[in-house]
Structure formats: structure tokens, C-alpha cells
S.K.: 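Have a look at this one before I ask anything.
We number each residue from 1, following the sequence as shown. Values in this document were obtained by computation on a predicted structure and should not be read as measured data.
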Amino acid sequence: MSTHHPSAATADADRTGRRAMGSVLAAMSLLAGPALIALGLALYISPWSGNVPDFAAIDVHHGQMLLSLNLSLAAFPFLYGSVVAIAVAARRSRWLAGSGLTCSFLGLTAMVVNGLVDLPLIMMAGIDERAGFAELATRLDTQLPIVAYLFPLYLIGTVLLAAALWRAKAVPRWSALCVGVGGLFPLAVITGIGTTALIIATIRIAGSIPIAKALLVRPADA
């Protein structure tokens, strides 16, 4: 009975292939994450009027609200991947990169929770009896999970990651500054000016290009 053992060359090729695929996914995340969230925020129309549902807006803009939410939620897997890619690029500054990654993950999770709170309101379109739904919506808005209030950590985490890139000299300094600006996405929601997310995304993507290029050119180092 004989057994087949892969050669060292084959094993090395497999590892290189996995690293190359990881590099492609990371580079894709650096571009797709900011682009999708920016489109979602640019289309965003609030279904709230204070802390109660805005039924008129929900009925009129139901389709746009749903599209905005879908684009935003689709962005988050890529946004998570992008902060991992940035942290890996800045790994020479271990503590800054690790702290930035942790804060970014918590902040992104808070943003997901806040986005999901809008879903029940958007789905009220066309429902005649709304009294119970309105009461539920008010409870959702006033009794959010604690994690929902951690969204400012995304800005803090992005600044820490930008500082890690700067300190590690992993990319040009202008690139690190542009990555730091990418932490301002929550301001587009807070200010109600969703189109500012397009500007923020453009700056963030520009800053991410040197990181993506390094990943694709030297996949074995990823």
C-alpha cells in the first residue's frame, strides 16, 4: 500500500495561490466597501420623523429606501475586509493597527445594527393598520442595543489605522491621510447630507489604491 505525499513545491504553490486569492479579495474589499456604502448613503432617505415613523415618506420613497438599505448592507462584508487589509498593511505598527482594527470592527457592527432598525419601518409601506407598528418603531428607536451607540468607534478606528500606516511607512503619507478621511462616513448620516459620502468614498478609495497595488503586486507577502 502506497500513500501519496504532495511535494514541497506543490505545497508552496498551494500556499502562494491561497495568499494570491486573499490579496485579490482584500484589494476588492478596499474598493467595493467604500463605493457601496457611499451609494447607499447618497440614496438614503430617513423613514423617521423624530423618533416616530414618517409614513408619508415611507409610502412615497419605499423603493429608494429599500435600495439604499440593500446597498449599505451589501457594503459591510467588504468594509470589514477593507479594515483587515489596512491593518495587515500597517502590521509593523502592531499596537496601533490592532487597536484600530478592533475599534473599526465595533464601529462597523454598530452601523449595521442602526441600519437594520430602519428595515421594519421601510416594510410598513402599504400596510393600513400601523398603530402597533408605530409603537414598535418608537421602542426600537429608544431602546437600541448598547452596541448601536458605538458607531463613533469607526472614526476612531480609522484614524488609528491611518496613524499605523503613517508610522509603519507602509504607504505614502498622502495615502494614510486619505484612509483617515474614510472614517467620516457616519457624518453623512448625522448631517443628513448623504451625497457627502460620495466625496468621502472617493478620497478613501484614492488612499487605498497604493495598499491594493501592493497586495496585488506582491501577493506572497500578504
S.K.: On a heavy-atom basis, which atom in P210 and which in P172 lie closest, and how many Å separate them?
M.R.: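 Residues P210 and P172, closest heavy atoms: CB-CD, 4.1 Å.
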S.K.: Would you compute the distance between atom OG1 of T102 and atom CD1 of I156 and round it to the nearest 0.5 angstrom?
M.R.: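 That separation rounds to 12.5 Å.
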S.K.: CG of L121 to OG of S49: how many Å apart, nearest 0.5 Å?
M.R.: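 Interatomic distance, L121 CG to S49 OG, rounded to 0.5 Å: 11.0 Å.
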S.K.: Measure the shortest side-chain to side-chain distance between L155 and L187 over non-hydrogen atoms and say whether it is less than 4.5 angstrom.
M.R.: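 Counting from C-beta outward, L155 and L187 never come under 4.5 Å.
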S.K.: Please name the pair of heavy atoms, one in A125 and one in H62, separated by the smallest distance, quoted to 0.1 Å.
M.R.: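 Looks like CB-ND1, 3.4 Å.
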S.K.: Looking only at atom types and distance, does a side-chain atom of D54 sit under 3.5 Å from a main-chain N or O of P47, one as donor and one as acceptor?
M.R.: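 Not confirmed, D54 side chain does not pair with P47 backbone.
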S.K.: Do the side chains of L36 and I45 join up, straight or via other hydrophobic residues, at under 4.5 Å, putting them in one cluster?
M.R.: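 No, it is not one cluster - the side chains of L36 and I45 are not joined through contacts under 4.5 Å.
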S.K.: Can T109 and Y80 be said to form a side-chain hydrogen bond (donor to acceptor under 3.5 Å, both in side chains), step by step?
M.R.: CA-CA 9 Å; T109 301; Y80 281 113; 2.8 Å; yes
S.K.: Can you tell me how far apart CD1 (I190) and CZ (F185) are? Round to the nearest 0.5 Å.
M.R.: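 Between atom CD1 of I190 and atom CZ of F185 there are 13.5 Å.
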S.K.: Hey, are S72 and Y44 close enough side-chain-wise for a donor-acceptor pair under 3.5 Å?
M.R.: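 No, because no side-chain N or O of Y44 sits under 3.5 Å from a partner of the opposite role on S72.
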S.K.: Do L96 and L101 share a hydrophobic cluster (ILVMFWY, side-chain heavy atoms under 4.5 Å, transitive)?
M.R.: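 No, because L96 and L101 fall into different hydrophobic clusters, even though each may have its own neighbours under 4.5 Å.
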S.K.: Does I146 CD1 have over 12 foreign heavy atoms under 6.0 Å away?
M.R.: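 At most 12 heavy atoms, drawn from other residues, nucleotides or ligands, come within 6.0 Å of this atom.
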S.K.: Can a donor-acceptor pair be found, under 3.5 Å and without considering hydrogens, that links the side chain of S175 to the backbone of V171?
M.R.: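 No, S175 side chain to V171 backbone: no donor-acceptor pair under 3.5 Å.
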S.K.: Going by side-chain contact (heavy atoms from CB on, under 4.5 Å), L71 matches just one of I37, L41, L39. Which one?
M.R.: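 Among I37, L41, L39, the one that satisfies the side-chain contact (heavy atoms from CB on, under 4.5 Å) with L71 is L39.
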S.K.: Is a side-chain donor-acceptor pair under 3.5 Å present for S82 with R204?
M.R.: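 Side-chain D/A pair, R204 to S82: present.
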S.K.: Linking I/L/V/M/F/W/Y whenever their side-chain heavy atoms sit closer than 4.5 Å, directly or via other members, would V189 and Y149 fall into one cluster?
M.R.: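 Both belong to a single hydrophobic cluster.
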S.K.: CD1/I203 to CG/L177 distance, rounded to the nearest 0.5 angstrom?
M.R.: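 So the gap between those two atoms works out to 10.5 Å.
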S.K.: If you take all heavy atoms of S29 and F78, which pair is closest and at what distance?
M.R.: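 The answer is CB-O, 3.3 Å.
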S.K.: Rounded to the nearest 0.5 Å, how far does CD1 of I122 lie from CG of L67?
M.R.: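 These two atoms lie 10.5 Å from each other.
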S.K.: Could you state whether I209 and I211 fall into the same hydrophobic cluster, counting links through intermediate Ile, Leu, Val, Met, Phe, Trp or Tyr residues with side-chain heavy atoms under 4.5 angstrom apart?
M.R.: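 No, I209 does not connect to I211 through the hydrophobic network.
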S.K.: Measuring from atom CG of N70 to atom CG of L119, what distance do you get when rounded to the nearest 0.5 angstrom?
M.R.: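 So the gap between those two atoms works out to 8.5 Å.
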S.K.: Using a cut-off of 6.0 Å, state whether more than 12 heavy atoms not belonging to M123 lie near its atom CE.
M.R.: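 No, CE of M123 has 12 or fewer neighbouring heavy atoms, counting only those of other groups under 6.0 Å.
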S.K.: Which heavy atom of A38 sits nearest to which heavy atom of A201, and what is that distance?
M.R.: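 Of all heavy-atom pairs spanning A38 and A201, the closest is CB-CB, 3.4 Å.
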S.K.: For a 4.5 angstrom cut-off between non-hydrogen side-chain atoms, does Y154 reach C103?
M.R.: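 Side chain of Y154 against side chain of C103, heavy atoms only: no contact under 4.5 Å found.
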S.K.: Might you point out which heavy atoms bring V113 and A148 nearest each other, and give the distance in Å?
M.R.: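 Taking V113 first and A148 second, the nearest heavy atoms are CG1-CB, 3.8 Å.
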S.K.: Please say yes or no: joined through hydrophobic side-chain contacts below 4.5 Å, possibly via intermediate residues, are V181 and I199 part of one cluster?
M.R.: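 Both belong to a single hydrophobic cluster.
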